[in-house]
Amino acid sequence: MHWQTTRHRIAFERPRVMGIVNVTPDSFSDGGRHVDTAAAIAHCEALVREGADILDIGGESTRPGAQPPGADEEAARVLPVLRAALTLGVPVSVDTSQPALMRQALDLGVDIVNDVRSLARPGALQLLAAHGSAGVCLMHMRGEPDTMGAQAQYGDVVAEVADFLRRRLQDAVAAGVAAGRIVVDPGIGFAKTAAHNLALLQRQRELLDIGRPLLVGWSRKGTLGQITGRPVGERLAASVAAALAAVARGAAIVRVHDVAATVDALKVWRAAEQGGVDPA
Ligand code: HH2
């Protein structure tokens, strides 16, 4: 299987690492927007050096309880970083739900739209259909980040997430987005308890039946804090372990903050699987 994106056709002969670049005010301590932009661009460059296969750049914090920024503010944060990232030689993804920002990003030549709201906002789906080649990540969530905690109720979370993703995939294909441009994501931590997240990991292989590559993001998330008792700044080992567990159950792409550590871990995992090392 492949993932068609604007400039790159991504193959999955090995698991791919998507490096997270959050251009949010709380991500970079003080200073004005210029400092934020420069720091975010430097972070993009560092993640590529560390071996990121894809950069995912976002300007909206979707942490539980987060308030969304205005559309103009989100675009002002993200566009200059996207422009610089597009020169770095790897596929660039914009993490947004705003159709206006999607359009501006696609006009710049961005490769992928990663939308935690699965192209639900008016115009988003049509925009991607009209584009013709950009990649899309469709993710499962319920409600909004400030309300989703109350909606973490499922009979069979794995079956319900799979049904949702299958439906969104069908809707996107019916609207004109070719299936080869789409990957799906169970949305770890979005309207889910730790038990739900762990059921989705244990039974992750059931999501492979959807028929598209699986993107999964466990990096530094709350469930890892619950398991280890560690605060968000001390979840590196937990995040790497979760990424390996996801890849071992068929994930094609892992979305991570700690690219260097994840790349090393995946090299060792792959060497174990193959009984040898990839040629350099
Ligand atoms: N998780 C977050 C944001 N975007 N996109 C996809 N496809 N999958 C995810 O699991 C996912 C996502 C939340 O994580 P993070 O970027 O660390 O935090 P924040 O949204 O607060 O910036």
Side-chain angles (χ1 to χ4, degrees), residues 3 5 10 16-28 36 40 43-44 47 52-69 73-74 77-78 81 91-98 101-102 111-120 124 135-142 144-146 148-149 161 164-165 168-169 172 182-192 194 196-198 200-201 204 207 210 212-225 231-233 235-236 238-239 242-243 245-247 251-259 262:
W3 187 13
T5 75
I10 302 170
R16 299 286 168 178
V17 174
M18 173 184 258
I20 301 170
V21 181
N22 282 323
V23 199
T24 47
D26 45 331
S27 302
F28 302 100
D36 283 354
H43 194 53
C44 291
L47 295 188
D53 296 297
I54 304 168
L55 291 174
D56 187 40
I57 298 168
E60 179 197 5
S61 176
T62 49
R63 291 210 173 80
Q67 292 294 320
E73 174 61 28
E74 188 187 343
R77 288 176 187 171
V78 164
V81 183
V92 174
S93 160
V94 61
D95 186 349
T96 188
S97 298
Q98 301 276 5
L101 176 53
M102 290 177 192
D111 298 282
I112 295 160
V113 171
N114 170 31
D115 182 3
V116 298
R117 296 176 184 81
S118 266
L119 306 180
V136 178
C137 177
L138 300 175
M139 195 196 82
H140 176 271
M141 165 161 78
R142 282 181 176 172
E144 285 292 316
D146 58 348
M148 63 189 179
V161 167
F164 172 94
L165 292 174
R168 290 308 288 160
L169 174 63
I182 300 172
V183 301
V184 295
D185 180 338
I188 297 305
F190 288 86
K192 295 170 190 84
H196 295 138
N197 293 323
L198 292 168
L200 284 162
L201 180 55
Q204 189 185 270
L207 303 177
I210 297 168
R212 291 304 305 153
L214 214 58
L215 190 158
V216 187
W218 274 90
S219 192
R220 301 182 185 171
K221 285 191 178 163
T223 299
L224 302 178
V232 66
R235 294 180 191 159
L236 170 59
S239 298
V247 163
I253 308 147
V254 285
R255 182 181 180 276
V256 307
H257 298 90
D258 300 291
V259 168
T262 308

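Note that ligands are numbered from 1 as they come in the structure, with each ligand's atoms numbered from 1 the same way. Excluded from the calculations below are hydrogen atoms, water molecules and symmetry mates; all remaining heavy atoms, backbone and side chain alike, are included.
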statement: By side-chain hydrogen bond (donor to acceptor under 3.5 Å, both in side chains), Thr223 pairs with (sequence neighbours left out) Asn197
- prompt: Does the side chain of Met148 come within less than 4.5 Å of Arg142's, by heavy atoms?
  reply: no
field: Heavy-atom check, side chain of Asp111 versus side chain of Ser93, under 4.5 Å
entry: no
query: Quick one: which of Arg220, Lys221, Glu60 has a heavy atom closest to atom 10 (O) of ligand 1?
result: Lys221
- prompt: Taking only heavy atoms of His257, which atoms of ligand 1 are found under 4.0 Å from at least one of them?
  reply: 17 (O)
message: Polar contacts were defined as any N/O atom of the residue lying under 3.5 Å from an N/O atom of the ligand; does this apply to Ser219 and ligand 1?
response: no
message: Holding to salt bridge (Lys or Arg N to Asp or Glu O under 4.0 Å), I want the full list of residues that pass it with Asp53, two or more places apart in sequence or in another chain.
response: Arg14, Arg16
query: What do you reckon, does Asp185 have a nitrogen or oxygen under 3.5 Å from a nitrogen or oxygen of ligand 1?
result: yes
task: Could you tell me which atoms of ligand 1, counted from 1 in the order shown, lie closer than 4.0 angstrom to a heavy atom of Asn114?
output: 5 (N), 6 (C), 7 (N)
- request: State the atoms of ligand 1, each with its element, that fall below the 4.0 Å cut-off from a heavy-atom position in Cys137.
  value: 7 (N)
query: Under a 4.0 Å heavy-atom limit, does Ser61 contact ligand 1 with its side chain, its backbone, both, or neither?
result: both
field: Under 3.5 Å side-chain donor-acceptor pair for Thr96 and Glu74
entry: yes
